[in-house]
**Student:** 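Structure incoming, see below.
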Amino acid sequence: MSPVHDCTDPQHHVHDGDAFVLEVERLCAQRGLRLTPIRSHALRLIADAERPLKAYELLDRMKATHDAAAPPTVYRALDFLLEHGFIHKLASVNAFVGCHHPGGEQHAVPFLICDRCQSATELEDDTIVEALESRARGLGFIPRAQILEVHGLCAACSAAAR
C-alpha cells in the first residue's frame, strides 16, 4: 500500500490560484516559454475555478473580460497549457483542471470525479499508475498514455445523500 500523499486529500491543493499562476510564470521564464496574456488569463480562470472547466465555459469567462476571446484562441491556450504540463484534461467530462505539480515531469494521474458537484481530485498514487503499466506490459502491450478517471460521489456529496 502506498503512503498517504497530500494529493489524496480532497481538500488539498498544492497552490492557491495566485501561487499557482506565479509558479507557472516562473517555470515559463525558466524554460523560455511564452506565457501570453491570453494563456495567463486562461490559466488564472482554471486555477480559480472550483471545479473542472469545459472549453466553452472558459471561453464565456474570458469573453467577460477579454473582447478578443474566440474558440480558436481558447483552444490554442489550452493546448499550450496541456503540452507543458500546467493543466490536465479530464477526458470523460471534457474539462480542464490545474495540475497540482506544474513544475514536475508529465505524469499520469488518476482522478476521482464527483458526478454531483463535479469536483475532481488529483489522486497521486504511483502504485496505481505502475500497476496498470506493469499489467499492460505483461500482456505485451506498450502503453503510451494513461487516463484513469473514477466517477462517483465525493465524501461531502455522499454524506449529503444519506
Side-chain angles (χ1 to χ4, degrees), residues 5-125 129 144-161:
H5 187 281
D6 284 341
C7 286
T8 62
D9 176 355
Q11 301 306 313
H12 175 78
H13 196 278
V14 174
H15 302 290
D16 63 28
D18 291 334
F20 179 72
V21 172
L22 286 172
E23 176 67 4
V24 170
E25 288 172 349
R26 185 190 68 75
L27 290 166
C28 285
Q30 181 182 29
R31 296 176 186 172
L33 301 173
R34 189 163 175 257
L35 187 64
T36 63
I38 292 287
R39 292 171 179 169
S40 181
H41 188 64
L43 183 70
R44 160 61 63 193
L45 291 171
I46 291 169
D48 288 344
E50 294 182 10
R51 61 177 179 71
L53 285 181
K54 295 180 180 289
Y56 274 87
E57 291 173 316
L58 181 61
L59 175 63
D60 289 343
R61 291 180 186 198
M62 291 182 81
K63 281 182 177 178
T65 56
H66 282 82
D67 295 334
T73 306
V74 171
Y75 280 109
R76 281 193 300 271
L78 289 169
D79 287 344
F80 172 86
L81 298 170
L82 281 167
E83 177 184 348
H84 297 289
F86 303 136
I87 62 173
H88 292 287
K89 181 176 184 178
L90 303 178
S92 65
V93 293
N94 198 24
F96 303 87
V97 294
C99 178
H100 282 204
H101 306 284
E105 297 177 10
Q106 292 279 16
H107 55 284
V109 182
F111 278 90
L112 304 178
I113 302 170
C114 181
D115 293 326
R116 182 169 290 161
C117 71
Q118 283 73 53
S119 67
T121 301
E122 184 174 333
L123 183 68
E124 199 161 306
D125 187 336
V129 173
R144 290 183 303 143
Q146 283 188 32
I147 298 174
L148 179 59
E149 298 173 9
V150 180
H151 283 261
L153 294 178
C154 68
C157 289
S158 179

**Student:** So how far is it from Leu58 CG to Thr73 OG1, rounded to the nearest 0.5 Å?
**Tutor:** 11.0 Å
**Student:** Provide the closest heavy-atom pair for Phe20 versus Gly98 in the form atom of the first, atom of the second, distance.
**Tutor:** CZ-CA, 3.9 Å
**Student:** Determine whether Glu122 and Val97 make a side-chain contact, defined as any pair of heavy atoms from C-beta on separated by less than 4.5 Å.
**Tutor:** no
**Student:** Look up atom CG in Asp79 and atom NZ in Lys89, then write down how far apart they are to the nearest 0.5 Å.
**Tutor:**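 With rounding to 0.5 Å, CG (Asp79) is 8.5 Å from NZ (Lys89).
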**Student:** Would you please test Arg39 and His84 for side chain to side chain contact (heavy atoms under 4.5 Å, CB included) and show each step?
**Tutor:** CA-CA 12 Å; Arg39 292 171 179 169; His84 297 289; over 6 Å; no
**Student:** Taking only residues two or more places apart in sequence, or in another chain, which ones meet Arg116 in a side-chain hydrogen bond (donor to acceptor under 3.5 Å, both in side chains)?
**Tutor:** none
**Student:** For the residue pair Lys63 and Ala69, what are the closest heavy atoms and their distance?
**Tutor:**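 Here Lys63 and Ala69 meet closest at CE-O, 3.7 Å.
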**Student:** Nearest heavy-atom pair of Ala49 and Arg61: which atoms, and what distance?
**Tutor:** CB-NH1, 4.0 Å
**Student:** Could you pull out the closest heavy-atom pair between Leu153 and Cys114, with the gap in Å?
**Tutor:** CA-SG, 3.9 Å
**Student:** Step by step, work out the side chain to side chain contact (heavy atoms under 4.5 Å, CB included) result for His41 and Ile38.
**Tutor:** CA-CA 5 Å; His41 188 64; Ile38 292 287; 5.7 Å; no
**Student:** Measure the spacing between CZ of Arg26 and CZ of Arg31 and express it to the nearest 0.5 Å.
**Tutor:**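 Rounded to the nearest 0.5 Å, the CZ-CZ separation comes to 8.5 Å.
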**Student:** Can you tell me how the ring of Phe86 sits relative to the ring of Phe80, calling it parallel under 30°, perpendicular over 60° and tilted otherwise?
**Tutor:** tilted
**Student:** Taking all heavy atoms of Asp115 and all of His151, pick out the closest pair and write down the distance.
**Tutor:**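 Heavy atoms only, the tightest pair is OD1-ND1, 2.7 Å.
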**Student:** Is any side-chain heavy atom of Glu149 closer than 4.5 Å to a side-chain heavy atom of Leu112?
**Tutor:**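 Contact flag for Glu149/Leu112 side chains = no.
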**Student:** What is the minimum heavy-atom distance between Arg44 and Gly17, and which atoms define it?
**Tutor:**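 For Arg44 and Gly17, the tightest heavy-atom pair comes out as NH1-C, 3.3 Å.
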**Student:** Side chains of Glu25 and Ser40, heavy atoms from C-beta outward: is any pair under 4.5 Å?
**Tutor:**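 Yes, side chains in contact.
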**Student:** How many angstroms lie between atom CG of Asn94 and atom CG of Leu53, to the nearest 0.5 angstrom?
**Tutor:**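 One finds 12.0 Å between CG of Asn94 and CG of Leu53.
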**Student:** Could you tell me whether the side chain of Leu78 reaches within less than 4.5 Å of the side chain of Phe96, counting heavy atoms only?
**Tutor:** yes
